[in-house]
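Everything below concerns the one structure shown next.
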Amino acid sequence: MVRFSFRSLSWLGLCLALTGFGISQSTAKKNPPSIAEAKAFIDEAEARLMALSVDASRANWVQSTHITEDTEILSAQANERAIAAGVDFAKRATRFDGLNLPADMARKMKLLKLSLTLAAPSNPKESEELTRLVASMEGTYGKGKYCPEGQEKCLTLEDLTRLLANNRDPKQLLDGWVGWHRIAPPMRNDFKRYVELANKGARELGFADTGAMWRSKYDMPPDAFAKELDRLWNQVRPFYVSLHAYVRNRLRATYGDVVPATGPIPAHLLGNMWAQSWENIYPLVAPSGADPGFDLTEILKKRNTDDRQMVKYGEQFFTSLGFKPLPKTFWERSQFVKPRDREVVCHASAWDIDNVDDLRIKMCIDITAEDFNTIHHELGHNFYQRSYNQQPMLFRDSANDGFHEAVGDTIALSITPEYLVKLGLLDKSPDTSKDIGLLLKTALEKIAFLPFGLLIDQWRWKVFSGEIPAEKYNETWWQLKEKYQGVAPPVARTKDDFDPGAKYHVAANVPYTRYFLAHILQFQFHRALAQSAGCQGPLNRCSIYQSKEAGRRLDAMLSLGLSKPWPDALEAITGQRQMDATAVLDYFAPLQKWLDEQNKGKPVGW
Ligand SMILES: [Zn+2]
């Protein structure tokens with residue numbers, strides 16, 4: 001579900017090779033630069049970053065599709081070169097601060113400075129320490145294992161993920177949950193020091209702290225952006241609370257008093273280590289008679305669909321909207337199936353190797369409904385990448401970091417029974433009374449995620465700003481988990497625990513708000529496109545397949561890339577300049593009604 005681009009490099013490795021930073025401010029003042037110099041600087045940055053990004057993409061592609069010690073080293077080196085150049089340009093861009101530039105140039109300067117997720121202090125010793133800390137925390141996370149007492153075998157996160165997803169014995173679930181969270185306390189002191197140093201670096205770049213630096217990427221003042229997120233959350237919160245109440249009640253039916261009748265739900269019972277999405281417990285909460293009456297996996301298998309045909313279905317979706325077919329090289333260079341003779345990264349991803357049209361996907365396709373979905377999602381990234389390839393290098397990305405993921409998911413929302421009928425995969429679509437099961441499953445995945453997607457950075461922003469001191473790291477983490485998610489720790493926690501560090505994105509310094517945004521935006525995009533496709537039915541049954549008008553609107557947004565502030569891009573596709581979570585409510589309206597009936601007379605809230 002990821003895509004590879006220059007900008008993604010800045011979260012892969014952060015800032016290495018930070019020496020040689022400090023372009024002296026006094027020199028800049030003595031010789032104020034001209035607009036012509038600024039233009040030359042931008043031209044140099046775009047040409048250099050383009051070349052390095054293509055090199056890095058090639059090295060990373062080979063590494064991901066042919067894992068050996070050598071390809072790992074080569075890709076790490078290529079990434080380091082690209083990141084170092086990005087950091088260098090970010091620092092050099094500050095020389096042009098205060099210069100009155102044409103809008104396009106000013107935006108490019110800003111993007112250069114904002115491309116970092118971590119700013120190292122100019123003191124080389126501190127910079128080196130910060131780099132080491134982040135690498136060490138990510139390493140601790142990556143190597144994390146739980147070794148149950150008296151057993152030979154240690155459990156990896158993969159093992160524990162499966163346990164949390166499938167096991168229904170509360171004791172074993174608790175054991176797995178506690179076991180995994182033990183990897184994090186050793187990171188606690190490193191994390192504290194990382195916060196200090198990262199803030200120092202952010203302040204040198206002129207931001208109040210690292211959190212403010214992250215929030216500055218959204219074309220509005222950092223604090224206004226935080227308020228915007230609260231507003232969106234409050235739009236969907238009542239629906240989340242209904243879902244929470246229903247799930248809590250059903251979990252009580254399975255687990256009894258381990259689940260309180262009125263309080264927050266214990267975090268180990270929701271099918272996921274972080275309680276971030278709940279689709280794995282669908283069998284425990286499924287309504288009776290909600291079987292849609294068909295199984296896409298079975299249908300695809302029965303028809304002997306192969307991997308190429310699976311991807312062809314995805315491509316056909318986009319050509320039906322009026323997009324050009326994928327280039328010949330896509331079919332020659334992509335990895336669709338797991339090779340038999342070597343190690344590869346199977347996690348699905350979409351690539352744009354040359355930042356023009358060397359598009360590829362890398363998957364290990366299984367003939368399943370899930371991968372049918374994933375292919376549509378990944379191709380969403382590819383078509384986005386190709387649509388903005390006419391933009392200058394620095395604008396070849398999504399309008400903000402939530403948009404890329406949202407586009408892939410928007411396309412996947414159009415995989416409706418009616419769409420499958422049009423493809424000839426299904427004879428007729430089931431009537432909408434069968435939709436509750438499907439909607440509930442989607443809500444367990446996407447609505448349950450919303451408060452989680454929000455709280456990770458709520459916590460980190462407060463940590464970076466100093467509002468949360470180190471001795472309160474864990475306590476406030478759980479306060480936010482309870483406030484937003486209505487989820488509680490399954491056993492008492494102490495200040496020596498460091499539960500945030502048991503989540504990858506915290507340990508590895510990866511901002512998280514983009515996932516919250518993507519989960520809101522995809523419904524807003526879907527509603528707007530469904531309207532332009534003239535869909536009259538319930539929103540969850542609308543597919544934009546074969547609508548040239550929806551395709552035109554979609555492309556109007558995609559082709560802007562990052563060239564304009566994101567409200568312009570949002571307006572191009574939806575006509576609205578504000579993000580709007582009411583589309584979420586529209587999409588799930590039948591489920592909301594059903595949940596209200598189920599919850600009647602039962603406690604709601606925590
Ligand atoms: Zn994706």
Side-chain angles (χ1 to χ4, degrees), residues 1-12 53 57 60-61 64-65 117 217 272 276-277 279 310-311 313-315 317-318 321 323 326 330 334-336 344-353 355 358-366 368-389 396-415 442 445-447 449-450 452-453 456 504-505 508 510-526 529 544 554-555 557-558 561-562 566 569 573:
M1 317 278 175
V2 289
R3 87 215 135 79
F4 187 85
S5 72
F6 159 68
R7 223 159 291 277
S8 66
L9 284 173
S10 46
W11 358 306
L12 278 176
S53 139
S57 294
N60 284 286
W61 175 267
S64 299
T65 56
T117 51
K217 296 182 186 191
N272 174 281
Q276 70 178 61
S277 61
E279 70 274 14
M310 291 274 280
V311 184
Y313 282 129
E315 182 191 39
F317 186 94
F318 288 90
L321 300 181
F323 288 88
L326 289 159
F330 171 88
S334 287
Q335 175 194 296
F336 296 153
V344 300
V345 179
C346 274
H347 191 86
S349 53
W351 299 59
D352 178 10
I353 300 280
N355 297 314
D358 190 349
L359 307 168
R360 307 178 194 178
I361 57 170
K362 181 187 61 55
M363 287 184 69
C364 300
I365 296 175
D366 288 323
T368 60
E370 191 186 344
D371 277 4
F372 186 83
N373 225 292
T374 303
I375 288 164
H376 284 71
H377 173 100
E378 295 303 334
L379 291 185
H381 290 311
N382 280 149
F383 280 90
Y384 203 164
Q385 288 160 336
R386 189 169 60 183
S387 277
Y388 56 58
N389 71 6
R396 288 183 206 176
D397 206 332
S398 58
N400 71 36
D401 56 9
F403 274 55
H404 236 300
E405 285 311 316
V407 166
D409 276 357
T410 300
I411 300 306
L413 287 176
S414 268
I415 304 177
T442 309
E445 183 197 330
K446 298 190 174 186
I447 302 305
F449 177 81
L450 287 169
F452 182 81
I456 294 248
Y504 172 78
H505 301 71
V510 184
Y512 208 73
T513 301
R514 68 173 69 110
Y515 302 107
F516 175 80
L517 296 177
H519 277 70
I520 301 282
L521 287 169
Q522 60 184 268
F523 292 100
Q524 195 177 355
F525 294 169
H526 178 66
L529 294 177
I544 60 167
L554 178 62
D555 192 50
M557 188 268 274
L558 301 185
L562 183 53
W566 65 260
I573 182 171

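Whatever order the structure lists ligands and atoms in, that order sets their numbers, starting from 1. Residue indices begin at 1 and follow the sequence shown. Everything numeric here is computed off the predicted structure, so don't read it as measured data.
- You'll find the ring centres of Phe452 and Tyr515 outside the 6.0 Å limit.
- When the N, O or S atoms of His377 are ranked by distance to the Zn ion (ligand 1), NE2 comes first.
- Not one N/O/S atom of His404, from backbone or side chain, sits under 2.8 Å from the Zn ion (ligand 1).
- Between the side chains of Asp352 and Gln385, no donor-acceptor pair is found at a separation under 3.5 Å.
- The Zn ion (ligand 1) sits nearest to atom OE1 when only the N, O or S atoms of Glu405 are considered.
- Not counting sequence neighbours, Ser64 has no partner by the side-chain hydrogen bond (donor to acceptor under 3.5 Å, both in side chains) test.
- Checked by atom type, the side-chain pair Glu370/Thr368 shows no donor-acceptor distance below 3.5 Å.
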